[in-house]
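The block underneath contains the structure these notes are about, expressed in structure tokens.
Basis for what follows: all heavy atoms, side chains included, without hydrogens, waters or symmetry-related copies. Since this is a predicted model, take the numbers as computed values, not measurements.
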Amino acid sequence: MELAVDNTAGMASLRSLDVNDAQEITVAPSSVRAAMAAEGSVVDIRGISYAYEGEVDPVLRDISLEVGDGEFVLILGPSGCGKSTLLQVLNGTIPHTLRGRLEGDAFVCGKSVVETRVASFATEVGMVFQDPEAQIINTLVRDEVRFGLENLCRPADEIVARQTEALAFVGLDGFGDRSIFDLSGGQKQRVSVAAVLAARPRLLVLDEPTANLDPNGMAEIFGVLRRLNREASTTIVMVEHRVDELADCVTRVVMMDRGSIVFDGDPRSAFSKRRAAHSEEGDAVPSSAWFPQAAEFALALADASGTPAPSADLPLNVDEAVRFAEAHFASGARAALPERAAIPPSEKPLLTVRNLSFGYERKQPILTDINFTLGEGEIVALCGRNGSGKTTLARLLVHINAPPPGTLMLGERDITGLSARDISAEIGYVFQNPDHQFVTDRVWDEIAYGLVVRGYADHAIEERVGEVLDIVDLKRYRDKSPFSLSLGERRRLSVATMLVLEPRLLVLDEPTIGQDHERAQLLMGLMARLRERYGTTILMITHDVRLVAEWADRALVVSGGRLRFDGLPQAMFANTDLIKEAGLLAPPVFEISCALAAERPDRVQPTLSLPHLVDMITGTEGRSA
């Protein structure tokens with residue numbers, strides 16, 4: 001495909017000459033040929049603005065960004081601020097695949113993005129998306145990893161060697177002959193990363209690549225990226241919400257808000273204070289980006305002790321936070337304040353699981369002898385590695401997979417004897433991939449669907465749907481297609497379709513994937529209100545250990561298809577063998593408190609509560625929530 005330049009009416013218009021893919025791209029006057037990329041820059045973007053086809057308001061507004069060789073740049077910001085759109089400019093998806101109005105200049109690896117075909121970036125720019133299914137095109141793992149190299153006509157022995165190397169990098173050594181259809185969502189994401197790494201690109205662009213990974217898998221990927229950046233000098237630009245294990249890896253942080261860059265600097269300066277931003281609806285929020293918990297702890301401790309925390313000393317990891325805390329202990333001996341009491345188990349079991357075993361094939365069980373109960377009003381976290389059987393278990397609870405008779409009891413009723421309508425009236429299930437549960441082409445209709453099929457009156461539907469749209473902040477999208485929303489917006493919509501039915505048990509499969517800090521807190525706050533208002537029981541499948549620490553009353557751990565743990569979250573994180581087996585990581589606040597407790601047992605005890613830890617260090621009176 002060739003591009004012809006036609007300067008008319010003061011604008012440069014680039015038209016594809018491929019008759020099978022005709023399109024038009026609008027850029028700033030004559031600047032494409034005249035501008036020169038900054039010497040030594042891998043990314044040189046000048047005054048970029050972009051609006052999607054059919055949209056009036058731009059998603060990107062006058063963005064300028066220069067990234068040098070060997071930098072590791074983390075991009076943060078609220079959902080809908082333009083992070084993913086910016087990444088798609090870097091590999092030419094915008095403007096060559098996604099149409100719209102593009103203004104300004106963009107050079108990547110010395111090439112004009114507008115004048116260079118996407119295929120011409122293949123050996124220099126590697127892109128990993130949020131959803132692995134959006135980029136996987138083969139059925140076998142080895143074929144997927146080899147695909148790009150084969151199209152580049154690399155020698156066969158080099159292709160095999162790079163495939164082996166890339167799979168080992170992402171923790172899938174020996175998976176080459178496995179079918180991708182047999183992999184969990186997290187394992188598929190690792191394959192996507194491996195397929196990009198095999199080409200050894202100069203610039204690696206990643207859009208939340210660890211969203212579907214368990215904490216151990218996330219740490220492995222971050223370790224790979226650190227090595228690629230430091231040992232191979234690969235330039236990395238990355239959007240990611242999970243920053244605890246990433247903050248001390250990156251060299252630079254860029255923060256965005258409403259399509260513009262509002263901060264660009266080193267990580268310690270970036271996390272030295274909370275920065276106000278705006279939600280997708282334009283509402284001001286005090287903080288939208290996730291912060292490293294080590295930095296959150298330092299800011300809270302400095303505030304409580306009345307001593308400022310200079311950005312140069314701001315801790316970004318557990319070891320630095322422990323050293324920071326040592327200088328802030330209040331003088332005088334003081335016993336550790338007691339932790340808040342755990343919520344006692346409910347005396348009314350809502351759901352009972354008895355001796356449950358299940359497999360799609362009899363000789364290959366996925367779950368073996370699972371036993372637990374869920375009480376009314378509990379918030380329970382279901383944790384474990386990718387592929388451990390968590391989602392299979394959740395689908396059995398709502399009869400998507402058929403459980404053996406007598407193994408699942410809803411109150412006193414055997415679930416196997418209930419109709420799908422009866423089950424859905426009491427148990428709501430929110431899929432890990434929200435796209436898998438949408439059945440209409442309009443947001444309003446999607447939320448109303450469950451009420452319509454149950455014969456609710458029009459006025460009741462209007463009232464309930466309107467209330468839920470307000471709760472999940474999607475009112476302005478009521479007439480849009482669900483598939484036109486961002487991943488975070490689609491996640492909230494999938495939750496809304498279940499909330500509107502007011503179920504007794506709500507099963508959430510990875511509820512905070514793709515959510516910024518503000519949205520995640522609002523979503524979990526909503527779960528807590530459901531518990532308080534309706535006595536709703538919440539079972540959330542999650543890899544987010546901070547979510548478990550802050551919100552869960554209990555934790556269940558599945559490993560190898562068996563239930564390995566049922567108890568308090570703090571006891572789970574204290575069991576190092578268990579969390580290693582389950583692919584989990586303790587949240588930083590717990591690791592910080594354990595390290596301090598080992599040194600000062602009279603002053604500090606292990607805790608999952610950041611405010612409680614600060615109270616113990618500063619000697620603050622009272623009891624933290």
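Taking every heavy atom of both residues into account, G265 and F263 meet most closely at N-CE2, 3.3 Å. Between A394 and I541 the shortest heavy-atom distance is CB-CD1, 3.4 Å. Of all the heavy atoms in E71 and R252, the pair that sits closest is OE2-NH1, 3.0 Å. Residues F297 and A325 share a closest heavy-atom pair of CZ-CB, 3.8 Å. Of all heavy-atom pairs spanning M572 and L578, the tightest one is CG-CD2, 3.9 Å. Across R385 and H543, no two heavy atoms sit closer than the pair C-NE2, 4.5 Å.
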Going through the distances and angles, do S305 and T307 end up as a side chain to side chain donor-acceptor pair (under 3.5 Å)? CA-CA 6 Å; S305 61; T307 57; 3.0 Å; yes
Evaluate salt bridge (charged side-chain N to carboxylate O under 4.0 Å, His left out) for R242 paired with D544, printing each intermediate quantity in order. CA-CA 9 Å; R242 301 163 77 171; D544 189 337; over 6 Å; no
Check step by step if side-chain contact (heavy atoms from CB on, under 4.5 Å) holds for K390 and D509. CA-CA 9 Å; K390 305 185 302 298; D509 199 344; over 6 Å; no
Take V495 and M527 through the test side-chain contact (heavy atoms from CB on, under 4.5 Å) and record every step on the way to the result. CA-CA 10 Å; V495 172; M527 298 301 107; 4.1 Å; yes
Could you walk me through whether V614 and I617 pass the side-chain contact (heavy atoms from CB on, under 4.5 Å) check? CA-CA 5 Å; V614 170; I617 294 171; 5.9 Å; no
Can E489 and S79 be said to form a side chain to side chain donor-acceptor pair (under 3.5 Å), step by step? CA-CA 8 Å; E489 292 162 348; S79 299; over 6 Å; no
Start with the C-alpha gap between R323 and D313, add the side-chain angles, then the distance that decides, and say whether salt bridge (charged side-chain N to carboxylate O under 4.0 Å, His left out) holds. CA-CA 10 Å; R323 291 195 295 270; D313 299 326; over 6 Å; no
Using side-chain contact (heavy atoms from CB on, under 4.5 Å), reason through D257 and M255 one step at a time and then give a plain yes or no. CA-CA 7 Å; D257 185 31; M255 294 182 173; over 6 Å; no
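Side-chain contact between F107 and S41: absent, with no pair of heavy atoms (C-beta onward) separated by less than 4.5 Å. In this structure, L65 and V73 have side chains that are not in contact, with every pair of non-hydrogen atoms separated by 4.5 Å or more. Side-chain contact between P511 and L547 is present, with heavy atoms from C-beta onward closer than 4.5 Å.
At least one donor-acceptor pair under 3.5 Å links the side chain of K83 to the backbone N or O of G77. Without hydrogens or angle criteria, Q293 side chain to V589 main chain gives a donor-acceptor distance under 3.5 Å. The closest donor-acceptor contact from the side chain of E320 to the backbone of L316 lies under 3.5 Å. The backbone N or O of G377 sits less than 3.5 Å from a side-chain atom of T537, completing a donor-acceptor pair. Here the side chain of S593 pairs a donor or acceptor atom with the backbone of T607 at under 3.5 angstrom. A side-chain donor-acceptor contact under 3.5 Å links H328 to the backbone of F324. No donor-acceptor pair under 3.5 Å is formed between the side chain of E124 and the backbone N or O of R202. In terms of modelled atom types and a separation under 3.5 Å, the side chain of T235 and the main chain of G70 share a donor-acceptor contact. Side chain of D214 to backbone of N386: a donor-acceptor contact under 3.5 angstrom is found.
For the pair R531 and D553, the salt-bridge criterion is met [side-chain N within less than 4.0 Å of a carboxylate O].
Ring orientation note: the planes of F573 and F590 are tilted relative to one another, at an angle of 30° to 60°.
Within the structure, salt bridge (charged side-chain N to carboxylate O under 4.0 Å, His left out) contacts touching residues 579-595 (residues at least two apart or in different chains) are R564-E581.
For the atom pair OG (S84) and CZ (F129), the distance works out to 9.5 Å, reported to the nearest 0.5 Å. Between M540 atom CE and L508 atom CG the span is 8.0 Å, to the nearest 0.5 Å. Rounding to the nearest 0.5 angstrom, the gap separating the CG atom in L584 from the OG1 atom in T576 is 12.0 Å. One finds the CD1 atom of I538 at 11.0 Å from the CD atom of E378 (value rounded to the nearest 0.5 Å). With values rounded to the nearest 0.5 angstrom, M218 atom CE is found 9.0 Å from L246 atom CG. Note that OG1 of T210 is 11.0 Å distant from CZ of R190, once rounded to the nearest 0.5 Å.
No more than 12 heavy atoms of other residues, nucleotides or ligands lie within 6.0 Å of CD in E599, so this atom counts as exposed by the packing criterion.
Checking each of I63, V239, L76, V262 against M256 for a side chain to side chain contact (heavy atoms under 4.5 Å, CB included) leaves exactly one that passes, namely I63.
R603 forms no cation-pi arrangement with F329, by the criterion of a distance under 6.0 Å to the ring centre and an angle within 45° of the ring axis.
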Atom pairs and distances, donor-acceptor, side-chain atoms in residues 191-199, under 3.5 Å, two or more places apart:
{"unit_1": "S192", "atom_1": "OG", "unit_2": "K188", "atom_2": "O", "d": "3.3"}

